[in-house]
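To start, the structure itself, in structure tokens.
Below, read A as the first sequence line, B as the second, and so on, with proteins coming before strands; counting in each chain starts at 1.
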Amino acid sequence: MSIPHENQGAASRRGAVRAPQSLAGGLFLIALAALALWLTKDLDQGRLNAMGPAMLPRWLAVGVALSGLALIVLAFIKDGDLLERWSIRGPFFIIVAILSFALTIRGYASGSVAIPGLGLMFAGPLAIVIGGFATPDARFRELLILALALTPGCMIMFGDSALLNLPIPMFPQALAGVFPAGWSQNAILRTIAAIMAIAALLVFFTTRGSRRTTVDVADHSGRI
Amino acid sequence: MKKIALAFAAVAGLAATGAQAQNFPSRPITMIVPFAAGGPTDVVARIVTDHMSRTLGQQIVIENVAGAGGTTGITRAAQSQPDGYTIMMGHMGTHGAAPALYPNLKYDPTKDFAAIGMAAGTPIVIVAKKDFPANDLKGFLDYMKTNGEKVNMAHAGVGSVSHSTGILFNSIIKAKPTMVAYRGTGPALNDLMANTVDYMTDQIVNVAPQIQGGNIKAFAIATPERSPVLPNVPTTKEAGLGDYQVSAWNAVFAPKGTPPDVVKKLNEALVKSLDDENTKKRLLELGGVLPSAEEKTPEGLQKLVNSEVARWTPVLKAAGATAE
Amino acid sequence: MGDLFSNLGLGFSVAFSVQNILSAFIGCLVGTLIGVLPGVGPIATIAMLLPITFSLDPTGALIMLAGIYYGAQYGGSTTAILVNIPGEATSVVTALDGHQMARQGRAGIALGVAAIGSFFAGTVATLVIAALGKPLTGLALLFGPTEYFALMVMGLVFAVVLARGSILKAIAMILLGVLLSTVGLDLETGEERMTFGLAFLSDGIDFAVLAMGVFGIAEIMRNLDHTEHRDVVRQAIGRLLPNKDDFKQAYKPAIRGTLIGAVLGILPGNGAVLGPFASYTLEKKLAKDPRRFGRGAIEGVAGPESANNAGAQTSFIPLLTLGIPPNAVMALMVGAMTIHGIIPGPQVMTKNPDLFWGMIASMWIGNLMLLVINLPLVGLWVRLLKVPYRLLFPAILMFCCIGIYSINSLPTDVMFIALFGFVGYMLIKFGFEPAPMLLGFVLGKLMEENLRRALILSRGSLETFIERPVSAGLLAVAAILLIIALLPSIRKGRDEVFTE
């Protein structure tokens, strides 16, 4: 996609493999096709007047595998693109961030592992702070302020009964016990959101000047 | 302007005041509807809970957890805290046909729930394409005897109400049509109207407009009494097939272990909602059937569930219909 | 003709009350704001917002719903353009050139053209519904399983044309997309296919999850690799709204897109989904320099967006006149109407003319609101792009998680966006494009089901596809399109076919 064609010159000077990207792509397709064939091995293919569940997936998998094979053959015949540089950091932190959101939003229990349902008030900041570290430019303080400012906004918008009132878990039920018994869920939600927003401001003002960068969200300089 | 304000006020529900733990309910209640928003079960749930929320003084929030013929949502609801704050709208499929359809089902409709009460049923209607060479159920049955092989029956996918009730129908009339699966009722009806498929069975709310519009034929309705929505359609009993009595019922359940006084409170709110004129009117407009006094009680509902599971299991197993 | 005006007059007299206009405005605004969340398309938005219409009277509620629908749809296009995350199948096409325009600092123009094109298409489609709704219903009944299969084959040929690079890779991606669409319970037999025995896969892979993964999350991962790329989006913001030259380029595609979208939208089996793809294909074929497509061509936004909105609107025809919901959004509308005591069907028009014509008039009002709300918002959205990427992407990430979770309340859906994100990242690294895969995925399900239905009904005879005139015609068009798509590459020599 974004690979300049000038790469082709460089590729032709390599060994037998003249288009490493095609080779890798072809192998990837064949692997996917093999997986699909293996998964449908026990299913019935049926006949044309009563096609079974396996007929289409199986032929599609064959098609994918043939495309992969063609790419591999071409990789030895024609000059093509080099493989792009891979990074581990980006995908790693992004995946961990998403998984931690998924596991904490309403809790997860499987066998001996049990993660309590923490609701959006924890799942949101987790996603932001962990995800933020996907780039080497990450700064913890900025991410913390962003998380503490954005999450209560979302909690009110999605959870407040005067607004969208969606059934997304917002805070751990245990936390509700901390509040006076007469309080409604909504009052608790609003209070928690307010505390988080105040915390965001506190972090913002107390740690100001400890670094030279500002956390102005609409960074006017346009530079990182 | 005022109505808009009201719209938001209704969303806000009634301001929560009160309460100790025993003072149920002290916070909003979640009702899991195991189907997508807008389907017949969802509509019934929304109509019934509207009034229940007012009685209970706490809003009942509908959470649509769709998937696997409703069993995804019911599985989750069955495993939630039995404190009355998570309840569910079960139906004929999830609490009747599911054990036969899904051998790996993670709940047992007869054991794992505290029944609260029936909400409303939607009767099943036997419909056929406009050009079908028969005009009543008797003519249809005769035609099926001689031309059974040629006939195509549509259904809305394995596990759907139209599929289960269709299999029951076929087993009673001993017909073996070619089954054509659709994803949902809409496309199946479309092909029925276009004369592409021959007949199907489905909930009245889905087929009534087409019957009234003369786009498809209705042979019979599978309830003891005719429906005010379709006064000209005979009951199966009148048409000579009294064995075929089936309704896609929707009922409220809580997870097993919910305290009896909480169940009682919920049941009272449900009954009060069903006695409300406005709720009644809205349910009847849908072609719905209101529950009998017995079905409104937790015991009556539990009895129905037990008999439904006993009835669907052999029929569906014999037809070889499983979803897993 | 006189009828048409008196009917529309009745409609507007119903719809033009202060309360109803306010309903349309609120619906459209809230719909836009929710629809703009990544991954949240019109279906999810309507489902979420359904309760706010409950205490209105039926007409007001329907008008608000129409507003929510158009707002949500436009909100989805906004996300596609700004952050390259299409919320529904039809905005996949918008993302192709729209996001490239945003990267070149022309986000405002893309959003403006999309809004104006949508408004134009909406206006035309309203008139089409009012004038031709009744006579056109017959068209819906001409299409059975055989015809739909042929239509979907034609759609897959569009996907080949959509591809920018190697045709071989595009075909591989389409096949992979169709393969992915077969995951889940088999509709005919109820057997599980490729689900690894996991319960949450038994209904198949959710479109929003797949699209968010391979577009949105993969895009973030890729941006983090390319330090030189990630500031491009906010390099220069440029003009906020389209100018005369932009209009000159955009108006013809908008007109063509409207026509294509309006016709396909009438088909009951979700034909509307093909509209944007067909429009894009047409514009790319008509363009003097097709190489601009996929690199920020304004025609690639104007045409498909118009087709999208026209189709969205004319898909009300089968619903209002036949009572058959042609797609998931319309099925939800049926539910919404049922809750308000109106059961859509052939009788609504005669029994309840106020409501029927009021609703048609309200569609136009919904479109107008869309313009009124969104043109001022363009500035706000574009300013979002100024946020430094190191802060923007974690925020997008969280919104993706919330958006996906809110659709089905399933944490597994959230996990799957991570998986598909990584798969999408690998695909990009291997030089594959995700767009043809998504199209294959969307059409694949419809294609398989209709193929099997058609063969069951014909008792296994393949001749059914050429015996029936409509299906034979569609297949012929597909064959011709495929040849046209392949020819230039073949002429250029085999080298270009595979490595362009």
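- In this structure, chain A has a heavy atom under 4.5 Å from the side chain of C:Ile220, while its backbone stays farther away.
- Looking only at heavy-atom pairs under 4.5 Å with chain C, the residue among A:Ala33, A:Gly63, A:Pro57 that has the most is A:Pro57.
- With a 4.5 Å cut-off on non-hydrogen atoms, C:Ile34 touches chain A through its side chain but not through its backbone.
- What you find for A:Ala102 and C:Met415 is that their closest heavy atoms are CB-CG, 3.6 Å.
- Contacts with chain C were tallied for A:Ser87, A:Cys154, A:Ala138; A:Ser87 has the most, counting heavy-atom pairs under 4.5 Å.
- Nearest heavy-atom pair, A:Gly131 versus C:Phe393, reported as atom, atom and distance to 0.1 Å: O-CE1, 3.2 Å.
- Proximity to chain A (any heavy atom under 4.5 Å) is restricted, for C:Met173, to the side chain, taken from C-beta onward.
- Within 6.0 Å of CG on C:Leu380 lie more than 12 heavy atoms contributed by other residues, nucleotides or ligands.
- In this structure, the portion of C:Leu49 lying under 4.5 Å from any heavy atom of chain A is its side chain and not its backbone.
- With sequence neighbours excluded, no residue forms a salt bridge (charged side-chain N to carboxylate O under 4.0 Å, His left out) with C:Asp413.
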Pair A:Leu29, C:Phe432 - check side-chain contact (heavy atoms from CB on, under 4.5 Å), show working. CA-CA 11 Å; A:Leu29 288 180; C:Phe432 296 106; 3.8 Å; yes
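- When each of A:Val96, A:Val64, A:Leu83 is checked for heavy-atom pairs under 4.5 Å with chain C, A:Val64 comes out on top.
- One finds the CG atom of A:Leu23 at 9.5 Å from the CZ atom of C:Phe430 (value rounded to the nearest 0.5 Å).
- What you find for C:Arg452 and A:Pro53 is that their closest heavy atoms are NH2-N, 3.9 Å.
- When the options A:Val129, A:Leu126, A:Ile128 are evaluated for a side-chain contact (heavy atoms from CB on, under 4.5 Å) with C:Met398, the one that passes is A:Ile128.
- Proximity to chain A (any heavy atom under 4.5 Å) is restricted, for C:Leu37, to the side chain, taken from C-beta onward.
- A heavy-atom distance below 4.5 Å is found between the side chains of A:Phe28 and C:Leu427.
- Residues A:Gln21 and C:Ile428 share a closest heavy-atom pair of NE2-O, 4.4 Å.
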Stepwise, does the side-chain contact (heavy atoms from CB on, under 4.5 Å) test hold for C:Leu224 with A:Phe93? CA-CA 11 Å; C:Leu224 292 171; A:Phe93 279 100; over 6 Å; no
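- Interface remark: C:Leu462 contributes side-chain atoms only to the contact with chain A (heavy atom separation under 4.5 Å).
- C:Leu179 CG to A:Arg58 CZ: the interatomic distance, rounded to the nearest 0.5 Å, is 12.0 Å.
- Side chain of C:Arg390 to main chain of A:Thr135: no donor-acceptor pair is present (N/O by atom type, distance under 3.5 Å, no hydrogens or angles).
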Would A:Ile105 and C:Ile402 count as a side-chain contact (heavy atoms from CB on, under 4.5 Å) if you check the C-alpha gap in whole Å, the side-chain angles of each, and the deciding distance to 0.1 Å? CA-CA 9 Å; A:Ile105 182 80; C:Ile402 299 179; over 6 Å; no
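- Residues C:Ser409 and A:Arg106 come closest through the heavy atom pair O-CD, 4.3 Å.
- Of the listed residues C:Ser181, C:Ala395, C:Ser406, C:Pro411, the one with more heavy-atom pairs under 4.5 angstrom with chain A than any other is C:Pro411.
- Each of A:Gly90, A:Ala127, A:Ala24 has some count of heavy-atom pairs under 4.5 Å with chain C, and the biggest count is that of A:Ala24.
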Go through the steps for C:Leu455 and A:Met51 under the test side-chain contact (heavy atoms from CB on, under 4.5 Å), then give the verdict. CA-CA 8 Å; C:Leu455 286 174; A:Met51 275 169 69; 3.7 Å; yes
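- Aromatic ring orientation, C:Tyr405 versus A:Phe101: perpendicular (interplanar angle above 60°, classes split at 30° and 60°).
- Chain C forms the most heavy-atom pairs under 4.5 Å with one residue out of A:Ala54, A:Ala123, A:Gly52, A:Pro125, and that residue is A:Gly52.
- Between the side chain of A:Glu142 and the backbone N or O of C:Leu391, no donor-acceptor pair lies under 3.5 Å.
- Atoms CD1 and CE, on A:Ile94 and C:Met221 in that order, are 6.0 Å from each other to the nearest 0.5 Å.
- Contact count against chain C (heavy-atom pairs under 4.5 Å) is highest for A:Ile95 among A:Leu120, A:Ile95, A:Leu66.
- Expressed to the nearest 0.5 Å, how far OG1 of A:Thr40 lies from CD of C:Glu192 amounts to 13.5 Å.
- When heavy atoms are compared at a cutoff of 4.5 Å, C:Leu176 approaches chain A by way of both its backbone and its side chain.
- For chain A, the nearby part of C:Ile217 is the side chain; its heavy atoms alone come within less than 4.5 Å.
- Between C:Ala172 and A:Ser67, the shortest heavy-atom distance links the atoms CB-CB, 3.6 Å.
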